[in-house]
Amino acid sequence: KQEVTQIPAALSVPEGENLVLNCSFTDSAIYNLQWFRQDPGKGLTSLLLIQSSQREQTSGRLNASLDKSSGRSTLYIAASQPGDSATYLCAVPKIGFQKLVFGTGTRLLVSP
Amino acid sequence: GAVVSQHPSRVICKSGTSVKIECRSLDFQATTMFWYRQFPKQSLMLMATSNEGSKATYEQGVEKDKFLINHASLTLSTLTVTSAHPEDSSFYICSASVAQAIAFFGQGTRLTVV
């Protein structure tokens with residue numbers, strides 16, 4: 001059974017800091033890995049999708065890496081802003097399945 | 001990008017009544033849709049997988065008679081919470097997947113049962 005864990009569970013930083021959010025999964029037989037953002041009481045916004053054959057993806061100030069063999073992914077946020085405050089979730093589908101297994105999430109608060 | 005619309009965004013109902021939540025893929029055809037449930041400060045838990053034209057597949061522990069799922073067309077899936085009780089109060093989110101397991105999510109529905 002796939003289990004996805006995210007560390008830290010919560011993070012509070014001043015504006016401008018560079019951040020690293022961690023995601024680990026127990027079954028490395030994944031098709032891809034997605035990072036999502038969720039604002040309070042809202043749905044999910046897909047941030048980055050890394051295919052299993054890739055090692056990283058970048059979008060603006062966000063960079064996500066994937067190490068399948070060790071079962072880890074990191075989301076790097078450069079020069080954090082108050083607008084980055086949200087919960088960040090990683091999720092993986094098992095090969096052959098489309099349903100996602102979500103991590104426990106990291107609640108990020110960036111203060112001005 | 002693909003858009004998934006979920007309606008309503010918020011609903012309050014009385015205990016014992018039923019509530020229907022709609023999930024629509026607006027600009028693509030989704031043969032498979034997924035329903036998730038999220039309790040406060042917790043992650044998303046998959047409830048069921050909905051395939052167009054066939055019965056939904058429920059995850060272990062999810063009551064299929066309580067959470068009725070219908071996927072009548074390639075663009076619409078509905079979740080009906082029957083005989084709702086306060087413990088059913090939660091945030092329900094749908095998603096639709098296209099090729100390569102890319103998932104697009106709706107905005108979610110906040111259900112409060114009073």
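Just so we're on the same page: letters track the sequence lines, and every chain starts at 1. For the numbers below, each heavy atom of this structure counts, side chains included, while hydrogens, waters and symmetry mates do not.
Looking only at distances, no side-chain donor or acceptor of A:Ser24 sits under 3.5 Å from a matching main-chain atom of A:Arg72.
A donor-acceptor pair shorter than 3.5 Å cannot be found between the side chains of B:Asp88 and B:Ser90. With 3.5 Å as the limit, one finds a donor-acceptor pair spanning the side chains of A:Ser46 and A:Gln34.
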Could you pull out every donor-acceptor pair under 3.5 Å between side chains of residues 101-109 of chain A and any protein atom, sequence neighbours left out?
unit_1, atom_1, unit_2, atom_2, d
A:Thr104, OG1, A:Gln6, N, 3.2
A:Thr106, OG1, A:Pro8, O, 2.5

Which pairs of donor and acceptor atoms, one on a side chain in residues 105-114 of chain B, lie under 3.5 Å apart (sequence neighbours left out)?
unit_1, atom_1, unit_2, atom_2, d
B:Gln107, OE1, B:Gln6, N, 2.7
B:Thr109, OG1, B:Gln6, NE2, 3.1
B:Thr109, OG1, B:Pro8, O, 2.5

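With a 4.5 angstrom heavy-atom cutoff, B:Leu46 touches chain A only via side-chain atoms. Within the 4.5 angstrom heavy-atom criterion, atoms from both the backbone and the side chain of A:Leu44 approach chain B. When heavy atoms are compared at a cutoff of 4.5 Å, B:Gln42 does not approach chain A at all.
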Criterion side-chain contact (heavy atoms from CB on, under 4.5 Å) on B:Thr78 and B:Met33, from CA distance to verdict: CA-CA 10 Å; B:Thr78 60; B:Met33 290 186 176; over 6 Å; no
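Residues of residues 48-76 of chain B that come within less than 4.5 angstrom of chain A, heavy atom to heavy atom, are B:Thr49, B:Glu59 in numerical order.
In terms of heavy-atom pairs under 4.5 angstrom with chain A, the leader among B:Met45, B:Gln38, B:Arg10 is B:Gln38.
In this structure B:Arg24 satisfies the salt bridge (charged side-chain N to carboxylate O under 4.0 Å, His left out) test together with B:Glu22, sequence neighbours excluded.
Annotation for B:His7: atom NE2 does not count as buried by contact number, only 12 or fewer foreign heavy atoms lying within 6.0 Å.
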